[in-house]
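Here is the structure we will look at.
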2 protein chains.
Amino acid sequence: MSPEYIDPIARPDLFLGKREQTKAQNRQRILEAARQVFAELGYGATTVRDIIRATPLASGTFYNYFKSKEEVFQAIQDESALRIRPRLHEERAKAETIEQFITGTFRTFFEYVASDQSNFHAIRRNTDTLRVRMDTPEIIAGFQELREDLEKAIAKGLFPPVDADYLMAAIVGVAFELAERMLRRDIVDTDAAAAFATALFMGGVHALPVLAPIAPPGSGGA
Amino acid sequence: MSPEYIDPIARPDLFLGKREQTKAQNRQRILEAARQVFAELGYGATTVRDIIRATPLASGTFYNYFKSKEEVFQAIQDESALRIRPRLHEERAKAETIEQFITGTFRTFFEYVASDQSNFHAIRRNTDTLRVRMDTPEIIAGFQELREDLEKAIAKGLFPPVDADYLMAAIVGVAFELAERMLRRDIVDTDAAAAFATALFMGGVHALPVLAPIAPPGSGGA
DNA sequence: TCCACGAATGACACTGCGTCAACTTTGCCG
DNA sequence: CGGCAAAGTTGACGCAGTGTCATTCGTGGA
């Protein structure tokens, strides 16, 4: 048998020691169990023990990987943020008009949210009426990046010289709140949500998409 | 001594039985203690026992008044919502233009938030990076009322016939997120925040207040 | 083959939870 | 005023979750 080239990225198990493999596997097991339990019980109601029980591991093992349920939650959040942040940044970097900047941001965000319901729902939907949002380092960095992108766009003359901090906050607020409503609707229409948000930022209330005078129930209304 | 008229509202202690008085007092004691403890430790980190300890009462007594810390939190929130909701509604009811509707809403909200920092801070600022928002019945009713006011305004021809649900969500998102940023600034300028939000909704990004080209540090920039 | 070290285990001491039987206070009646 | 029923308060208790750590296990190097 001649030795063939094997991609170490595709088959890490052949190159990592058994120890490393188990460690990576355990971490994933915990995160996966946590996602399930958070989704089922809500963040507030789940205990570290609930997560452990959803796992074949012993309680002590959990603490080899995470200090608390907060840390698990943060890891889950960071995973999401890490996935979406580059896409958002790229979208905005290549924008040549305000509209492209805004629409690229909202479209990308809403599409991600819709594709990631397991995470996003588990994250924002919580027991009863209690909603939890964790601004992890990665997420804060994402906000910061939006602000910097806005400042760059202002410097380029793309945007008028407005308060970038407040504008960032407004974009974040609309993005999260609209995402919430969007997910609650029967048909999740990311385009409609993105169109709404973009129109608002481009021209205010007067520019928003207009609904049909008497909309039949369930009409998209974009 | 001739019997004099005494206003029962001003001196409820003279008209309520001792039982009723103690009950009202205990409830207030618990809420006050909870406000302090939430502010100090953050919502996530405080325990029912922490609240009880900040009170002269026994643990069993706490449970005569509230089922859990969630319920205490909800009561605190509802108190706030109950105070601000009529003001917001009134402001919008008397609006004769879109601008009055929007600016009245934001101005009232930001002014309330600034005046109520003890509550609002304790509520939104939490341990580490974990932020908690509880949509209590009273708060949800407030959102609903905003949506209805929007629909009424649309019916009156004040607003174009847009998606009232999304517009409500956008207003709520901007209000909460801007409030957060506003409170973090050195000088809390409710007018500037309201002006920013109003301009955004009236004309989008292009209508936002423009900052001085090279702003000296600390300039309000409204 | 052996053994040293890192990782997994689960029993343990501790803290918070919500309950409830015993006690205290209030308001009412004769 | 004394006595009593109902309402409210108390804190000890059983139970569940927390994080730790001495012990055990298994991998990987010699």
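Per chain, numbering begins at 1; letters A, B, ... match sequence-line order.
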Check your understanding: Pick the nucleotide of DNA chain C nearest each of G60(A) and Y63(B); which residue has the one closer to the 5' end?
Key -> G60(A)
For atom [atom1] of [X] and atom [atom2] of [N], their distance in whole Å:
{"X": "I51(A)", "N": "dG19(D)", "atom1": "CD1", "atom2": "C1'", "result": "14 Å"}
{"X": "E71(A)", "N": "dG19(D)", "atom1": "CD", "atom2": "C1'", "result": "13 Å"}
{"X": "I52(B)", "N": "dC17(C)", "atom1": "CD1", "atom2": "C1'", "result": "9 Å"}
{"X": "I30(A)", "N": "dA7(C)", "atom1": "CD1", "atom2": "P", "result": "13 Å"}

Check your understanding: Taking the six-membered ring for Trp, are the ring centroids of F106(B) and F196(B) within less than 6.0 Å of each other?
Key -> no
Report the residues that fulfil side chain to side chain donor-acceptor pair (under 3.5 Å) with [X], sequence neighbours left out, ordered by chain and then residue number.
{"X": "K67(A)", "answer": "E71(A)"}
{"X": "E151(A)", "answer": "R147(A)"}
{"X": "R85(B)", "answer": "E138(B), E145(B)"}
{"X": "T22(B)", "answer": "none"}

Nucleotide N/O of nucleotides 13-16 of chain C paired with protein N/O under 3.5 Å:
residue, atom, partner, partner atom, Å
dG16(C), OP2, R53(B), NH2, 3.3

Practice item. Show the numbers, then the answer: is there a side chain to side chain donor-acceptor pair (under 3.5 Å) between S80(B) and Y112(B)? Key: CA-CA 9 Å; S80(B) 278; Y112(B) 177 75; 3.1 Å; yes
If you restrict it to nitrogen or oxygen atoms, what contacts under 3.5 Å exist between nucleotides 7-9 of chain D and the protein, and what is each distance?
residue, atom, partner, partner atom, Å
dA7(D), O4', R19(B), NH2, 3.3
dA7(D), N3, R19(B), NH2, 2.6
dG8(D), OP1, K23(B), NZ, 3.3
dT9(D), OP1, N26(B), ND2, 2.6
dT9(D), OP1, Y65(B), OH, 3.3

Practice item. Could you tell me the separation between the CD1 atom of I51(B) and the CD atom of Q36(B), rounded to the nearest 0.5 Å? Key: 11.0 Å
**Study point:** salt bridge (Lys or Arg N to Asp or Glu O under 4.0 Å) assessment of K69(A) paired with D50(A)
**Key:** CA-CA 10 Å; K69(A) 74 167 172 169; D50(A) 290 328; over 6 Å; no
